[in-house]
Amino acid sequence: MHRHVAERLLRECFGYRDRESFVVVAEPEGATLAEQLAAAARDLGFPASLLVIPRRTSPDGEPPDLVLEALRAADIALFLAPRSMAASRAFRIAQETGLRVGEITELAPDAFWRLLEAPATVISSRASALSGALEPGRRIRVRT
């Protein structure tokens, strides 16, 4: 993985600040991409770790408890899985505690690379404009 991808993801998408720790949590389908991302981040000097967990057996299945422990020790987290973990207890607790967390689902490596080529500021401004137009004062989720 190109180093600039990891740097762009951490700095532009997550707003990385000095000495923050980054954890990538992946199911087996995303393990290769997760390994590349964590390695590229470490090569750039970011404190990054990787946690590959067993595949969840049901769509609403909870990740193992060790995921929650890893999230408690991190400042930024990224989930890579074929199905969303946003409804999981670990994801909700992470958001409630202020951890900056994101996820990439339905892993398609070619789509991942295209997404990172788009300027984050343009995506953010368009998502904000869309949010304001749809229902002012409410949060929405933008999915690609």
Side-chain angles (χ1 to χ4, degrees), residues 1-131 134-135 138-144:
M1 174 179 286
H2 302 288
R3 289 181 182 182
H4 74 279
V5 171
E7 184 165 23
R8 182 171 202 173
L9 183 68
L10 286 167
R11 292 200 189 278
E12 291 183 30
C13 298
F14 284 110
Y16 178 84
R17 294 181 293 265
D18 286 341
R19 295 188 201 99
E20 287 186 316
S21 59
F22 172 55
V23 63
V24 183
V25 179
E27 288 187 354
E29 294 85 352
T32 302
L33 182 58
E35 289 170 10
Q36 292 173 345
L37 183 57
R42 282 191 300 270
D43 287 348
L44 289 167
F46 296 108
S49 58
L50 169 67
L51 181 60
V52 178
I53 60 173
R55 181 180 298 116
R56 292 170 294 155
T57 56
S58 66
D60 58 345
E62 289 290 327
D65 290 339
L66 63 106
V67 171
L68 191 52
E69 293 303 316
L71 296 177
R72 285 186 179 134
D75 300 298
I76 300 170
L78 177 66
F79 288 98
L80 300 174
R83 292 184 315 266
S84 176
M85 290 192 192
S88 72
R89 185 174 67 88
F91 197 94
R92 284 191 314 272
I93 289 172
Q95 285 183 314
E96 291 168 1
T97 60
L99 176 76
R100 295 188 308 283
V101 61
E103 70 175 348
I104 299 173
T105 58
E106 301 173 16
L107 302 171
D110 57 328
F112 178 74
W113 301 120
R114 283 194 313 272
L115 175 65
L116 289 174
E117 290 170 3
T121 54
V122 172
I123 294 171
S124 176
S125 66
R126 290 185 180 164
S128 296
L130 178 62
S131 175
L134 290 176
E135 194 165 338
R138 300 280 312 261
R139 293 180 71 183
I140 64 165
R141 182 179 308 198
V142 177
R143 296 189 134 169
T144 59

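Position 1 is the first residue of the sequence; numbering continues from there.
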Exercise. Answer yes or no: is there a side-chain heavy-atom contact under 4.5 Å between L37 and F22?
Key: yes
Quiz item: If you take all heavy atoms of E20 and G15, which pair is closest and at what distance?
Solution: OE1-O, 4.1 Å
Practice problem: For E7 and L44, indicate whether the former's side chain and the latter's backbone hold a donor-acceptor pair under 3.5 Å. | Solution: no
Self-check item: Residues which pass ring pair (Phe, Tyr, Trp, His ring centres under 6.0 Å) with F46, listed by chain and number, not counting sequence neighbours
Solution: Y16
Quiz item: Does a side-chain heavy-atom distance below 4.5 Å link L71 with I93?
Solution: no
Exercise. Measure across T97 and A94 and return the closest heavy-atom pair with its distance rounded to 0.1 Å.
Key: OG1-O, 3.0 Å
Quiz prompt | Result of checking L10, L9, V24 against I76 for side-chain contact (heavy atoms from CB on, under 4.5 Å) | solution = L10
Self-check item: Heavy-atom side-chain proximity of F79 to I53 below 4.5 angstrom
Solution: no
Quiz prompt | Nearest atoms (heavy-atom pairs only) where L99 meets A77 | solution = CD2-CB, 3.8 Å
Quiz item: Would you say the side-chain atoms of R83 pair up with the backbone N or O of R56, donor to acceptor, closer than 3.5 Å?
Solution: yes
Quiz item: Considering all heavy atoms of both residues, which atom of Q95 and which atom of V101 are nearest to each other, and what is their separation?
Solution: CG-CG1, 3.5 Å
Quiz prompt | Heavy-atom closest contact (P82 atom, T105 atom, distance) | solution = O-CB, 4.1 Å
Quiz item: At their closest point, which heavy atom of A86 faces which heavy atom of R92, and how far apart are they?
Solution: O-CG, 4.1 Å
Quiz item: Going by the side-chain hydrogen bond (donor to acceptor under 3.5 Å, both in side chains) test, which pairs reach into residues 61-72, not counting sequence neighbours?
Solution: E69-R72
Practice problem: Starting at CZ of R100, measure out to CG of L78 and round the result to the nearest 0.5 Å. | Solution: 13.0 Å
Self-check item: Pairs involving residues 41-53, ordered by first then second residue, that meet side-chain hydrogen bond (donor to acceptor under 3.5 Å, both in side chains) (sequence neighbours left out)
Solution: none
